[in-house]
Structure formats: C-alpha cells, structure tokens
Undergrad: 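Dropping the structure in here first, questions after.
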Number of protein chains: 2
Amino acid sequence: MTLLLTKEDVRDLIEMPAVIEAVEAAFRAYSSDEVDQPSYMGIHLSTEGAEIDFKAGYHRSGELVSLKASSGGFRDNLARFGLPNGMGTVLLFDGQSGALTCVMDGSLLTGFRTGAAGAVSVRALARPDARRLAAIGTGNQARMQIRAIREVMQIDAIHAWGRSHAGAEAFATEIEATFGIPVTVEASAELAVAQADVVVTTTRASGVALRAGCLRPGTHVVAIGADQPGKQELDPELFRDARIVVDAAVQCAEKGELQHALKAGIVDGAHAEIGEVLLGRKPGRESVEQITLFDSTGMAIQDNTTAAAILRRARERGIGQPFDFLTQDR
Amino acid sequence: MTLLLTKEDVRDLIEMPAVIEAVEAAFRAYSSDEVDQPSYMGIHLSTEGAEIDFKAGYHRSGELVSLKASSGGFRDNLARFGLPNGMGTVLLFDGQSGALTCVMDGSLLTGFRTGAAGAVSVRALARPDARRLAAIGTGNQARMQIRAIREVMQIDAIHAWGRSHAGAEAFATEIEATFGIPVTVEASAELAVAQADVVVTTTRASGVALRAGCLRPGTHVVAIGADQPGKQELDPELFRDARIVVDAAVQCAEKGELQHALKAGIVDGAHAEIGEVLLGRKPGRESVEQITLFDSTGMAIQDNTTAAAILRRARERGIGQPFDFLTQDR
C-alpha cells in the first residue's frame with residue numbers, strides 16, 4: 001500500500017526540531033558514503049521562467065529512495081488556476097523492494113529542510129554565546145531560517161535588511177508577533193551585520209548583497225541564496241580569512257557561493273563539508289575570533305531524510321490515505 | 001485534483017492501437033524540436049542487481065511533463081513481499097501550471113510503448129508485402145512486439161528462436177492460442193531469420209545473438225534488446241549495407257545496437273531518426289531489396305505520450321480516483 005499525504009497532512013506532520021535532526025542525519029550520511037544523489041533533471045517550460053526539477057536521493061542505511069518534483073516560476077498560477085506559483089511532490093520508494101511507499105505533497109518540505117540546514121550549521125559552527133542575528137533578505141526563507149535557528153540558539157535580537165523596505169517591515173512585524181523576538185530594520189546590509197553574531201543571507205541575488213569588511217570577528221555566516229551558477233550574495237573577499245564549510249563540495253564549487261571565491265582565486269576550495277564536521281573528521285570553528293561560513297546549496301538527501309521523518313510520524317499518528325496502486329497483483 | 005490510476009485501471013485503459021499512435025506522435029515530436037528529455041537518473045540499490053531509474057520528458061505542444069520511475073532486479077520480491085521484481089510509477093504534470101495531474105501505475109506502460117515502437121518502425125520501414133516474422137528472443141517483450149506489430153502488419157507465420165527451448169515452446173503455444181498465428185520454433189536464430197520478412201530481436205543479450213549474412217534481402221530488423229552500453233544482439237556486420245534508422249541518434253550511439261557498429265568502424269552513424277522518416281524529411285526504405293534496421297533504445301517522450309493517451313481515456317470513461325493533494329489551498 002502507498003500512503004498519500006496532502007499538503008494539509010504534511011503541515012500537521014512537519015515539525016522543525018524533527019527536520020533539524022533529519023537534515024543533520026542527512027549531512028552525516030552524505031559524508032559517510034551512505035548516499036547516492038545523481039545529477040538532477042531540470043526542464044524549462046514554455047511559460048517564461050517556469051521550470052520543473054527532479055531530484056533523487058538514496059539513503060542506503062535508511063533503505064529509502066526519494067524523488068522530489070519541484071515546480072516554480074508559474075507567475076500567473078493564482079490568477080489563472082487558483083494555484084500557488086510553485087508546487088512540489090515527493091515520492092518515497094522502499095529500497096528493499098522498489099515499491100512506492102508514499103506520495104506526499106512536497107510544497108512545504110524544501111523550505112523546512114533549507115531552514116533546518118542553516119540551524120544545523122549554527123549549532124555546529126556559531127559561537128556558543130551568539131545571541132544576535134542579522135537577516136539579509138526578508139522573504140519566506142528568511143522566516144524559515146529564523147524558525148529553525150531559534151530551535152538551536154537563543155536569539156535576543158534580529159537586525160534585518162531587505163531590498164524592499166516595506167518587505168522588511170512586514171518581516172519585522174511578523175517575526176515579532178510569531179516569535180516575540182525584537183526586529184530592527186536597518187538601512188543597509190552592512191549596518192545589520194555589524195551588530196550580529198550570526199548572519200543569514202537569503203536574497204537569492206545575482207550580485208554582491210553583502211560587502212566584505214563589515215562582519216564582526218567570530219561571526220557565523222549562513223549563505224543560502226546562491227544555489228545556481230551565477231547566483232551570488234557575498235563579496236568573495238569574505239571567504240579569504242573565513243573557515244569555509246559547505247554542504248557538498250562539488251556542488252558548492254559549481255553553483256554555491258563558493259563558485260565566486262574560486263573564480264576570483266581567493267580560495268582553492270572549502271575546508272570541510274558540514275557532515276565531516278558533524279562526524280568529527282574535520283574541525284569546524286577553530287577560534288572564537290574566526291569567521292565561519294556555511295555555503296548551502298541543498299541536497300536530495302535532505303529531502304529524503306525529511307520526507308522519511310514525515311512518513312514515520314504519519315504512520316505513528318495514523319494520518320494519510322492508504323492507496324493500493326497494485327490491487328490486481330495481490 | 002490529481003487522478004490516481006491503479007495497475008488494474010491502466011490494464012483496462014491501455015490499448016495497443018492507441019499506444020502505437022502515441023508512440024508515433026512521440027517520434028514525430030522528438031524530430032520537431034517539441035521535446036525536452038534530460039539525461040535520466042539511475043540509482044543502484046543495496047540489493048544486488050536492483051535499481052530504480054527516473055526518466056523525465058516534456059512534450060511542448062502536449063503541455064505535459066512526465067516522470068517515470070522504474071524499479072527492476074528485485075529478484076526476491078515475490079517470495080519476500082508478494083510483489084513483482086520490477087514496478088513503475090508515472091507522474092504527469094500540467095505544463096501550464098506545474099500541477100500534478102496524474103499518478104498512474106507504470107508497470108505496464110514500458111512494455112506497451114516498446115512494443116509500439118517496433119510496430120511504428122514496421123509500418124514505416126518494412127516492405128508492404130511482409131508477412132513472415134522471426135522472433136529472436138521469446139520473452140515478454142517478444143510477446144509485446146507481436147501484439148503491436150500485428151496491428152500494422154498481417155503476420156501469416158512466426159519463426160521463433162530463444163536460448164531456452166522450453167521458453168520458446170511456451171511462447172509458441174501462447175502466441176498461437178492468443179493470436180491464432182502459427183509459430184515454428186527453430187533450432188537457431190539464423191534458421192528463423194532466413195524465413196522472415198521482419199525480424200524482431202528482444203534477447204537483451206550482451207553478445208552476438210544474430211550473425212550477419214543470413215537475412216533475406218528486403219528484411220526489416222527491429223532491434224530492441226540493446227539499450228545500455230555493452231548490450232548487444234546483432235553482428236555489427238549487419239549494419240554495413242543496411243538502412244539504419246534509430247529512435248534517438250545520440251542515445252543509440254551510446255547505448256543502442258549502433259554502439260558496436262560505430263566502435264567496429266563499420267558505419268559512422270545512423271541514416272535517419274524514425275521521426276525524420278515519419279515526417280518525410282529523410283527517406284526510410286529506399287528499395288525492396290534493401291535491409292532496414294531500426295535501433296530502439298526507448299525515450300521518455302514515448303512514456304509521456306503513452307501516459308497522456310491513458311489519462312485522456314481515463315477521463316473519457318470516468319476511471320480512476322481523484323485526489324486533492326492541495327486541499328487546504330483551495
């Protein structure tokens with residue numbers, strides 16, 4: 001039997017602390033040769049800017065194969081069809097039989113697992129006494145980062161900057177109301193980070209949103225926005241003296257923030273993958289003064305372990321509709 | 001709403017004549033720049049020989065994106081889980097919105113669309129007076145080829161050869177009972193093809209199953225078995241004087257029967273893609289004496305148009321269970 005989970009089911013089942021543990025497990029698995037993630041398939045649709053991507057991941061010890069289909073960029077969806085401009089579907093297959101175990105709506109999963117990645121990096125790399133956060137970019141993923149990071153760090157204050165001042169104000173109002181954390185909207189990214197111990201960049205920009213030279217010693221930077229060739233948020237100079245930790249070395253060199261520091265010849269690679277740090281194979285932060293930088297591009301194995309956690313919880317709580325695609329064969 | 005179709009639904013809905021038209025449309029679309037098919041993703045599982053593959057295809061004018069997940073090689077499935085050793089799932093997404101339109105069991109689809117490809121090639125390339133067929137290989141796909149080819153050609157007699165004599169006898173009994181076509185089991189592949197106008201090879205061998213020099217002039221060969229690097233059924237010498245038509249030039253050069261003729265330096269490529277022949281852009285058969293050879297490796301766009309035909313028919317007949325993965329958003 002295949003379990004079907006709607007977006008509403010997933011909303012009920014997905015919980016940030018469990019996703020953080022799932023994503024940490026994903027990073028550990030990736031650095032333990034427990035993972036197979038083939039190159040993703042991407043298709044550009046006739047609608048300008050619209051695409052559908054497929055990412056598959058296999059977690060050997062978890063014995064699950066995941067396939068996530070993500071659509072995005074369908075700007076007229078709401079007006080034309082009453083649908084969001086991007087949706088997602090996740091399939092889980094039993095690694096022992098190849099059977100389709102679960103079909104779940106995947107619209108919420110990517111945001112959660114990306115937020116969780118930031119939190120895992122904060123737990124592993126930020127100073128233990130970090131209390132102040134700068135949010136460069138104030139969209140949905142900025143909200144998700146805070147939702148995740150507050151699970152692993154006591155956030156006393158947030159300094160926010162976004163290209164749209166109105167957007168930043170809305171972000172401030174929402175974060176204060178939701179989490180009771182005071183948010184100050186700053187006039188520049190540099191002013192925001194100058195008051196922070198942890199900096200989260202989520203602008204999805206294609207140019208420098210944050211100049212070098214304004215970070216405080218000991219800051220941890222969570223670089224989320226760059227996940228495609230050409231995308232950029234950080235001045236490559238930021239990499240020069242930082243401890244550079246990535247989710248996946250090959251992927252970050254190609255499409256993460258790291259691509260620009262490599263091209264500029266400032267560094268010749270990352271110091272470690274986050275999984276290696278979590279497993280104790282390589283050092284993370286080496287001093288309280290060191291700037292640490294986590295470059296997150298997103299991996300299929302994060303989808304895999306996150307979806308697996310949702311499926312486990314659905315089974316525990318008896319949520320979802322079982323459906324038998326193979327009736328006649330039983 | 002997403003329409004869910006079980007294996008039993010698909011069995012009721014799938015009809016060979018419609019699949020033949022769907023596959024012909026797929027070939028035409030592929031040669032009309034109407035198709036995007038990214039390189040497939042394949043994952044090898046811990047179970048030896050077991051794998052799951054994902055193939056995606058976009059049919060621009062059809063405005064559908066398909067994703068087929070195929071598992072195979074789970075040899076202990078029946079004993080351990082009461083499941084077949086390979087299964088399939090097909091997702092269809094609306095190209096205009098990215099919405100998940102359909103989830104259907106895909107176990108039957110690959111066999112049908114592969115059979116249909118053979119039939120399309122026979123209709124396009126075999127002599128109009130062809131009546132006798134040789135089946136080299138007598139497994140499931142051989143049955144499917146006959147099921148398809150008899151829709152486009154009057155088959156008066158079948159000469160069959162398979163590595164297992166018992167398998168060939170079972171094939172003969174079944175084909176005679178199902179289609180009323182007399183089948184003679186031959187002692188060798190060469191004896192079988194010497195009496196045929198159309199030859200279908202489905203052995204999935206990794207060596208020469210059919211030597212050169214034994215085909216009659218004017219024969220059409222449907223080469224199905226080679227769809228991976230290393231797989232081979234035909235003596236590469238068969239290519240020397242044949243009119244070579246492929247489903248996809250790049251793919252056949254890499255993993256079709258053509259790979260071996262290229263490596264041996266016998267030819268430097270195919271003469272045409274089948275879509276180009278169907279569109280009248282390149283000649284197919286050039287004389288009654290010419291040997292024509294169709295190299296079939298299988299394309300995602302065949303899955304796409306076949307699944308689309310199944311979905312259309314399901315809607316016409318009101319079959320399948322609608323399921324709303326996005327309830328809360330409506």
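Model, not experiment: these values are computed from the prediction.
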Undergrad: Counting only non-hydrogen atoms closer than 4.5 Å, does B/E51 touch chain A with its backbone (N, CA, C, O), its side chain (CB onward), both, or neither?
TA: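 B/E51 has no heavy atom closer than 4.5 Å to chain A.
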
Undergrad: To the nearest 0.5 Å, what is the distance between CG (B/L5) and CZ (A/F325)?
TA: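 Here the interatomic distance stands at 8.0 Å.
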
Undergrad: Sort out for me which of A/I52, A/T47, A/L67, A/T89 touches chain B most, counting heavy-atom pairs under 4.5 Å.
TA: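 Between A/I52, A/T47, A/L67, A/T89, the count favours A/L67.
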
Undergrad: Between A/V65, A/N85, A/D76, which shows the greatest number of heavy-atom pairs under 4.5 Å with chain B?
TA: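 Of the candidates given, the most pairs with chain B belong to A/V65.
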
Undergrad: May I ask you to test the A/Y58-B/H44 pair for a side-chain heavy-atom distance under 4.5 Å?
TA: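 Not touching, per the 4.5 Å side-chain cut-off.
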
Undergrad: Nearest 0.5 Å, what's the CG-OG1 distance between A/L326 and B/T6?
TA: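 These two atoms lie 8.5 Å from each other.
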
Undergrad: What distance separates B/L4 CG from A/D324 CG, expressed to the nearest 0.5 Å?
TA: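 That separation rounds to 12.0 Å.
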
Undergrad: Relative to chain B, which of A/G88, A/S71, A/S107 shows the most heavy atom pairs under 4.5 Å?
TA: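 The option with the most such pairs is A/S71.
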
Undergrad: With a 4.5 angstrom heavy-atom cut-off, is it the side chain or the backbone of B/F93 that approaches chain A, or both, or neither?
TA: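 For B/F93, side-chain heavy atoms alone lie under 4.5 Å from chain A.
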
Undergrad: Can you tell me which of A/V103, A/D36, A/I43, A/D105 forms the most heavy-atom pairs within a distance under 4.5 Å of chain B?
TA: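 Max contact count across the listed options: A/I43.
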
Undergrad: Let me know if B/E63 has heavy atoms under 4.5 Å from chain A in its side chain, its backbone, both or neither.
TA: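 Side chain of B/E63 only, per the 4.5 Å heavy-atom cut-off to chain A.
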
Undergrad: Counting heavy-atom pairs under 4.5 Å with chain B, which one of A/G72, A/A50, A/A99 comes out on top?
TA: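 Top count of heavy-atom pairs under 4.5 Å with chain B: A/A99.
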
Undergrad: A/F74 and B/G95: which non-hydrogen atoms are nearest, and at how many Å?
TA: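 Heavy-atom minimum between the residues: CE2-O, 3.4 Å.
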
Undergrad: Starting at CE of A/M41, measure out to OH of B/Y40 and round the result to the nearest 0.5 Å.
TA: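 Output value for this atom pair is 11.0 Å.
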
Undergrad: Is it the case that atom CZ in B/R75 sees more than 12 heavy atoms from other parts of the structure closer than 6.0 Å?
TA: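 Counting other residues, nucleotides and ligands, CZ of B/R75 stays at 12 neighbours or fewer.
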
Undergrad: For a quick test of reading the model, state the closest non-hydrogen atom pair linking A/G42 to B/P38 and the distance between them.
TA: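 Heavy atoms of A/G42 and B/P38 come nearest at O-CG, 4.1 Å.
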
Undergrad: Under 4.5 Å from any heavy atom of chain A, what part of B/L100 do you find: side chain, backbone, both or neither?
TA: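 Contact with chain A is through the side chain of B/L100 alone.
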
Undergrad: Work out which heavy atom in B/S97 is nearest to a heavy atom in A/M87; give both atom names and the distance.
TA: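 B/S97 and A/M87 have their closest heavy atoms at O-CE, 3.3 Å.
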
